[in-house]
There are 2 protein chains.
Amino acid sequence: MAEVAARAGVSAMTVSRALKSDGAVSEETRRKILTAVDELGYVLDLSAGALSSKRTGFVAVLVPSINNSNFSDTARGITEIIEGRGLQMLLGYTDYDMEKEEQLVQAMLTRRPDGIIVTDGRHTPKARRMLRSAGIPVVETWDLPADPIDHVVGFSNAEASRALVHRLYQKGYRNIGFIGGASRRDTRGADRRLGYTRAVEELGLPVGRTISFGNPPISMEQGGQALVHLIQQWPDVDAAVCVSDLSAFGAIMECHRRGWAVPGRIAIAGFGDFEVSRCAWPRITTVAVDCRNIGREAGRILLDALDAVQHAHPPAPATLIVPFEVIEREST
Amino acid sequence: MAEVAARAGVSAMTVSRALKSDGAVSEETRRKILTAVDELGYVLDLSAGALSSKRTGFVAVLVPSINNSNFSDTARGITEIIEGRGLQMLLGYTDYDMEKEEQLVQAMLTRRPDGIIVTDGRHTPKARRMLRSAGIPVVETWDLPADPIDHVVGFSNAEASRALVHRLYQKGYRNIGFIGGASRRDTRGADRRLGYTRAVEELGLPVGRTISFGNPPISMEQGGQALVHLIQQWPDVDAAVCVSDLSAFGAIMECHRRGWAVPGRIAIAGFGDFEVSRCAWPRITTVAVDCRNIGREAGRILLDALDAVQHAHPPAPATLIVPFEVIEREST
DNA sequence: CTGTTAGCGCGTTCAT
DNA sequence: ATGAACGCGCTAACAG
């Protein structure tokens, strides 16, 4: 920056101001400076700027898996909103594991992000403590935490799953099973199972018809295998609710292979409104949430909180409940 | 850090050394320091450390889209390798757009990454110049660039596509179409189309039976629509090669809907070996590349280059060609 | 194994 | 609209 300043015949401070668009610099000096920048191929060093300004311009984002379009859509929504403000996302994968989340929180805080967005309402005590004491806005997404840390953008996975079972009941299904992964790790998966259980209980349907299949995220292949188990164990099931569209898809393809008509022999529903569900044959009944919008709203709330801190307003914790919708398609 | 040092009765420098595992610190001092760290809830500030050590510990990674499991697998492979060395990935999406890639390269360099991994062998002149003059190792992946910037981990998309068409020919197909997006943006898609064209020409098959459908990435839905166009325009096609498994899947589901047997009426093949292809009914013939391994190898080459720089060895540009494999399944 | 000194490249703050 | 002094929090380099 000193070299650029020398070449443009100004001080380094003026270069710094010219390079942030907000700086009060005359048009002529700015032009001279940008020319010098171009000639020297100078690139601003934000890591030095961060140290000085005490704002890194990073937003830490923790998702269970990047290899799941629901969460990558959310990440995309966040990026959309924050990149306009010159913020950069720091992405981490927890692999559906609270311990790993704790490690990631620690690693992320080491980079001094201006804010942090997590996917999940449950955390280890240490992670919770670190998040609370980091002194930055926190947004929990994809869930409605019992004890929110700060801001929330989410919905009740249990309610959504319950609504889906009720819809199946309305359609006449009376013997409904559930397919999911081992529930300990995937808290959203556990909530969906809980919603299923509540629904079958309050509707007076046969209970306990659930298949657990391996560690989340349960794959398409596992969905297919789980369905076979479900039908072998309870041959009278007439519908299956799957923890996600991916397992529902696997289940349906396995039915095709075995010549079991869907929904004739068994109706199958998923969760998440993945692209594959909109396109599969039959199209898959599911619960849709606007994932990208969750990201956008989380980003917006974070920006507001950052602004409030700058203006010394008290940033009141916000909770935004986003809608879900049961979308009935051909598979039920 | 000064507070931690005071509490532990040592200098800040000793705290710094105790917190990097490599530091030569006696076990007792280290213990005292870690106790003080814990009591104060201290978290190391790497952005300050970066300024001082001139190594940020960031690896910039640019992918066309995060919402594509091929690329998120590659990103995961990179993370696996680099996180063991305390490096943090900075992820950016180019949205299949060279202009956006250029902007992202600039934005990333502003963070002074220790290395950068890009997905693509083609870049704007300015992006190329910035990458060359950044003074950090560069790895281009998923392609075999005509004029590599530095290191390469990739394969020939054209050759892979050509091999797939040859395999279809061996199976007896003589009237093969191609479904893809507008080729200008997605250079890998353009290469796959090129490989298709070469193959049908050298095999003496009817040429030009290609459908272009919108901007990449072409969706499942678009794959289905494109297939209908293909068959309407050339009713005698007996096989379709799709630019990716996603469009192939959409095409197959559309065939189910219209009662066209796959592969009876038309054989359909994809590219990328996505999960959906392994699980679909029928299972989809495709070209498989080990995406995660591309990431791992790129990460490894980057680490080697970083080590070489540290030891003042000349880091010779490496080109690693990863294998692809045509996987024949039920859809052909 | 531990401490001291100096400085990384910016932005804040104040002065002009 | 521009400049000067200073310090952000840490680590390199050297001394002991």
Side-chain angles (χ1 to χ4, degrees), chain A residues 1-34 36-37 40-58 86 88 107 109-114 134-136 309-310 312, chain B residues 1-34 36-37 40-58 86 88 107 109-114 134-135 309-312:
Chain A
M1 186 178 272
E3 287 178 40
V4 172
R7 192 177 190 101
V10 296
S11 73
M13 196 54 240
T14 305
V15 175
S16 175
R17 279 194 273 254
L19 261 34
K20 326 241 122 196
S21 36
D22 63 321
V25 179
S26 77
E27 256 325 300
E28 198 193 332
T29 6
R30 185 189 304 277
R31 203 181 31 68
K32 275 194 298 196
I33 289 172
L34 293 183
V37 163
L40 294 173
Y42 172 71
V43 179
L44 189 60
D45 184 340
L46 285 187
S47 66
L51 186 60
S52 180
S53 68
K54 290 163 168 291
R55 282 181 293 110
T56 55
F58 284 129
Q88 158 82 49
L109 291 183
T110 243
R111 299 293 185 173
R112 295 292 187 275
D114 296 336
I136 56 174
V309 168
Q310 264 190 341
Chain B
M1 186 178 273
E3 287 179 40
V4 173
R7 193 178 191 101
V10 297
S11 73
M13 195 57 237
T14 305
V15 175
S16 175
R17 278 195 274 254
L19 261 33
K20 326 241 126 196
S21 37
D22 63 321
V25 178
S26 77
E27 257 325 300
E28 197 193 332
T29 335
R30 185 190 303 277
R31 202 180 33 67
K32 276 195 298 195
I33 290 172
L34 293 183
V37 163
L40 294 172
Y42 172 72
V43 179
L44 189 60
D45 185 339
L46 284 187
S47 65
L51 185 60
S52 181
S53 68
K54 290 162 167 290
R55 282 181 295 107
T56 55
F58 283 129
Q88 158 83 46
L109 292 183
T110 243
R111 298 293 185 174
R112 296 289 188 276
D114 296 336
V309 167
Q310 266 189 341
H311 299 86

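So you know, we letter chains A, B, ... as the sequences are listed, proteins then strands, and number each from 1.
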Over how many whole Å does the gap from A:D45 atom CG to C:dC8 atom P extend? 12 Å
Quick check on DNA chain C: between A:L44 and B:T29, whose nearest nucleotide comes earlier from the 5' end? B:T29
Is the shortest side-chain N/O distance from A:T14 to OP1 or OP2 of D:dT2 below 4.0 Å? no
Any side-chain to backbone donor/acceptor pair from B:T56 onto B:A50? Under 3.5 Å, distance only. no
Of all the nucleotides listed (C:dC10, C:dC8, D:dG3), which has the minimum atom distance to the side chain of B:L51? C:dC8
B:K20 side-chain N/O to D:dT11 phosphate OP1/OP2 under 4.0 Å: yes
CG of B:L19 versus P of D:dG9: gap in Å, rounded? 16 Å
For C:dG3, take OP1 and OP2 only and decide whether either is under 4.0 Å from a side-chain N or O of B:S11. yes
Rounded to whole angstroms, how far apart are CZ on A:R111 and C1' on D:dG9? 14 Å
Residue-phosphate contact under 4.0 Å: A:Y42 side-chain N/O, C:dC10 OP1/OP2: yes
Is the backbone of B:L44 close enough, under 3.5 Å, to the side chain of A:T110 for a donor and an acceptor to pair up by distance? yes
A:D45 bridged to B:R112 by N-O distance under 4.0 Å: yes
Counting only side-chain heavy atoms from C-beta out, which of D:dG3, C:dC8, D:dC10 sits nearest to B:M1? D:dC10
Give a yes/no on whether any side-chain N or O of A:K54 is located under 4.0 angstrom from OP1 or OP2 of D:dG7. no
Can you give me the closest heavy-atom contact between B:A36 and B:R7, atom names plus distance? CB-CD, 3.8 Å
Nearest to the side chain of B:R17, heavy atoms from C-beta on, is which of D:dT2, C:dT12, D:dA13? D:dA13
Could you check B:S52 against B:R112 and say which one's nearest nucleotide on DNA chain C is further toward the 5' end? B:S52
With a 4.0 Å limit, can you tell me whether A:S26 has a side-chain N or O closer than that to the phosphate oxygens OP1/OP2 of D:dT2? yes
Whole-Å distance separating the CD1 atom of B:I33 from the C1' atom of C:dC1: 11 Å
Whole angstrom is fine here: how far is it from CZ in A:R30 over to P in D:dA1? 10 Å
Length of the NZ-C1' vector between A:K32 and D:dT2, whole Å: 12 Å
Is the backbone of A:A18 close enough, under 3.5 Å, to the side chain of A:R30 for a donor and an acceptor to pair up by distance? yes
Between D:dC8, D:dG3, D:dT11, which nucleotide has the shortest distance from any of its atoms to the side chain of B:M13? D:dT11
Using whole Å, what does the distance between atom P of nucleotide D:dC8 and atom CZ of A:R55 come to? 17 Å
